[in-house]
Amino acid sequence: MKNLFKILFLIPLSLLALSCTDLDEEIKGDFTSDFDPANPGVGIRNNVNAQSPSDGLSAAFTRLLNGTANHGSYFSVAEISTDEAVITQKGGDWFDGGIWLQTHQHDFNPAQGGINGAWGDLYGGVTQCNILLDEGGLDAAGTAQVRMLRAYFYWKLMDMFGNIKLVTTPGTDVAQTNRAAAFNFIESELLAAIPDLTAGRADYGRASQGAAYALLSRLYLNAEVYTGTAMYQEAIDAADMVINSGNYSLSASYADVFAPDNVDNVEHIFVAPFDESTGTGMNIAQFTLHYPSQLTFRLQQQPWNGYSTLEDFYNSYADGDNRKENNFIVGPQTDLDGNPILDLAFDKADPDGAEINYTPEINELFPNGSRQAGARFGKFSFKIGQGPEMDNDYPLLRFGEVLLNKAEAQCRQAGNWSAGVDLVNQLRSRASATPFTTMTEADFLAERGRELFLESLRRTDLIRFEQWGAAWWEKDAHSNPDYDIMPIPIEQINASASEAFPLSQNPGY
């Protein structure tokens, strides 16, 4: 992004104190005002925290911090390509060569930087796992941990890029394989790792049998997409291994699952253990909030005013569903003293004027998206006074998703979308949403979206529900099955040209 003129937007409120208008809308600005703990996850990279095991595996597991919750890599591609997130071009800001506009509109090409960032970060994780396994010295439990982690990285690569290289030894090269072969490898690695993983809850930032089974439930739920063969009973069985283990449960509070102090939440099965000092790489506050929102949370650095959600996705939540209040920041914004925050470079056509008012509706994708438009991301809530790096651990696998995986597999297996209603209602009950008596396929997809917002699963879900090519705001419908997987980055193809097994581009690109 190019934050041209942003210095003009943040001005001392003592000079421009104005009365705040229309404060009937929700102001989500002080809900963490009395919260400023030292994150229990501090020191994860250096194994100095009592909760972080000194098992010699941190070099591999900290690779989960790359691209998971920051801009320009896997998170960006997985989210901006869906109907739940967008980066609008705001004049000269956030154009970035048009790559995020293209991503939103499914105009994918191999030269887009975010796609290359995703590939590089994920293979970086694979490489580190391979190095640890090749060096030897790991006991059976450590070997199982690394194999499960490598399977997770390969699941992301297979899901996003389809035709990948399954490298298992450092410094070696192998031929590119197809999705079905990658599926079989990932499944076999997880099944092989399970006996040597802990049957209980894992140490902080590590994997357990529950993590392997949770990933298997996700893998099997998508098996028909990956291999052409449905595996719904296998998805149910894997989910049941998690559910019946007694190690995990729904958190009483949805908000607590994603909060800055969410270390070892009862719903977490496998997490990316972020820390504002030593486990860095989570920048959601920076890339979603408007520049003057620095004053709302007393952030140490000014935000970038990039990401927001689509109006239709925001409106998919009923009023009274507490996930709506938790997941989004809307309405007039103030500093911690209740004074309005101002943007001197506001859009002259904006009826709210200089006072920041996040509106769910967005005027246009480009070239002049309103700087105040779009509900902003509040799901991973912000600490007052936080730096650009956040403390919130990012759940990669959690109990709520496992319930939804089992429910969907039951529905698909039965040919009846109401077959999983009881499991879905566990989540809706927690959210104070009206329970379903019956469900349709559209109901179920919308419920997954509401529950799993910003967890980088929406792209995978839309493909499985055959809605990936549907039209949504500022994106036309398409029926190109090649777009179900992303292009292999051109940088990677060029770099492999002299290798024994050069990469070939995916079909359609």
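Heads up: numbering here begins at 1 and tracks the sequence. Keep in mind that this is a model prediction, so the values were computed, not measured.
- Asp443 and Arg450 make their closest contact through O-NH2, 4.0 Å (heavy atoms, listed as atom of the first residue, atom of the second, distance).
- Of the possible polar contacts, none joining the Glu267 side chain to the Val257 backbone as a donor-acceptor pair under 3.5 Å is found.
- Looking only at atom types and distance, the side chain of Gln413 has a donor-acceptor partner in the side chain of Gln233 under 3.5 Å away.
- Listed by first and then second residue, the side chain to side chain donor-acceptor pair (under 3.5 Å) pairs that reach into residues 473-482 are His106-His478, sequence neighbours excluded.
- For the pair Thr88 (side chain) and Lys90 (backbone), a donor-acceptor distance under 3.5 Å is absent.
- The aromatic ring centres of Tyr509 and Tyr483 sit less than 6.0 Å apart.
- Among the candidates Leu423, Leu397, Ile269, the single residue satisfying the side-chain contact (heavy atoms from CB on, under 4.5 Å) test with Val402 is Ile269.
- Under 3.5 Å, the side chains of Tyr358 and His290 contain no donor-acceptor pair of N or O atoms.
- Counting only N and O atoms by type, the side chains of Asp347 and Ser370 include a donor and acceptor under 3.5 Å apart.
- Inspection of the Gln386 and Asp391 side chains reveals no N or O donor paired with an N or O acceptor under 3.5 Å.
- Using modelled atom types, one finds a donor on one side chain and an acceptor on the other under 3.5 Å when comparing Tyr254 with Lys379.
- One finds the CE atom of Met148 at 8.0 Å from the CG atom of Leu216 (value rounded to the nearest 0.5 Å).
- Ring centers of Phe465 and Trp417: under 6.0 Å apart, within the cut-off.
- Within a 6.0 Å sphere centred on CD of Glu466, other residues, nucleotides and ligands contribute 12 heavy atoms or fewer.
- By the side-chain hydrogen bond (donor to acceptor under 3.5 Å, both in side chains) test, Thr103 pairs with no residue at all, sequence neighbours left out.
- Using a 4.5 Å heavy-atom threshold, the side chains of Phe274 and Glu389 count as separate.
- Each of Arg376, Glu79, His71, Gln286 was checked for a side chain to side chain donor-acceptor pair (under 3.5 Å) with Tyr307, and the lone residue meeting it is His71.
- In this structure, the side chain of Gln372 engages the main chain of Gly353 through a donor-acceptor pair within 3.5 Å.
- Checked by atom type, the side-chain pair Glu187/Tyr220 shows a donor-acceptor distance below 3.5 Å.
- Checking Tyr74 against Asn66 by side-chain atom types alone, no donor-acceptor pair falls below 3.5 Å.
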Go through it in stages, so that I can follow the logic: the residues are Phe95 and Phe366, the test is ring-ring contact (aromatic ring centres under 6.0 Å, His included), and I'd like the CA-CA distance, side-chain angles, deciding distance and then a yes or no.
CA-CA 8 Å; Phe95 177 59; Phe366 69 94; 8.4 Å; no
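- Atom CG of Leu457 sits about 8.5 Å away from atom CZ of Arg464, to the nearest 0.5 Å.
- In this structure, a donor-acceptor pair under 3.5 Å is absent between the side chains of Asn392 and Asn262.
- Using modelled atom types, one finds a donor on one side chain and an acceptor on the other under 3.5 Å when comparing Arg448 with Asn405.
- Aromatic ring centres of Phe328 and Phe453: separated by under 6.0 Å.
- Using a 3.5 Å distance cut-off with no hydrogens or angles, the side chains of Asp159 and Thr460 do pair a donor with an acceptor.
- Remark: the backbone N or O of Ala69 is not paired with any side-chain donor or acceptor of Asn283 at under 3.5 angstrom.
- Under 3.5 Å, the side chains of Gln492 and Asn116 contain a donor-acceptor pair of N or O atoms.
- A donor-acceptor pair shorter than 3.5 Å can be found between the side chains of Tyr232 and Glu224.
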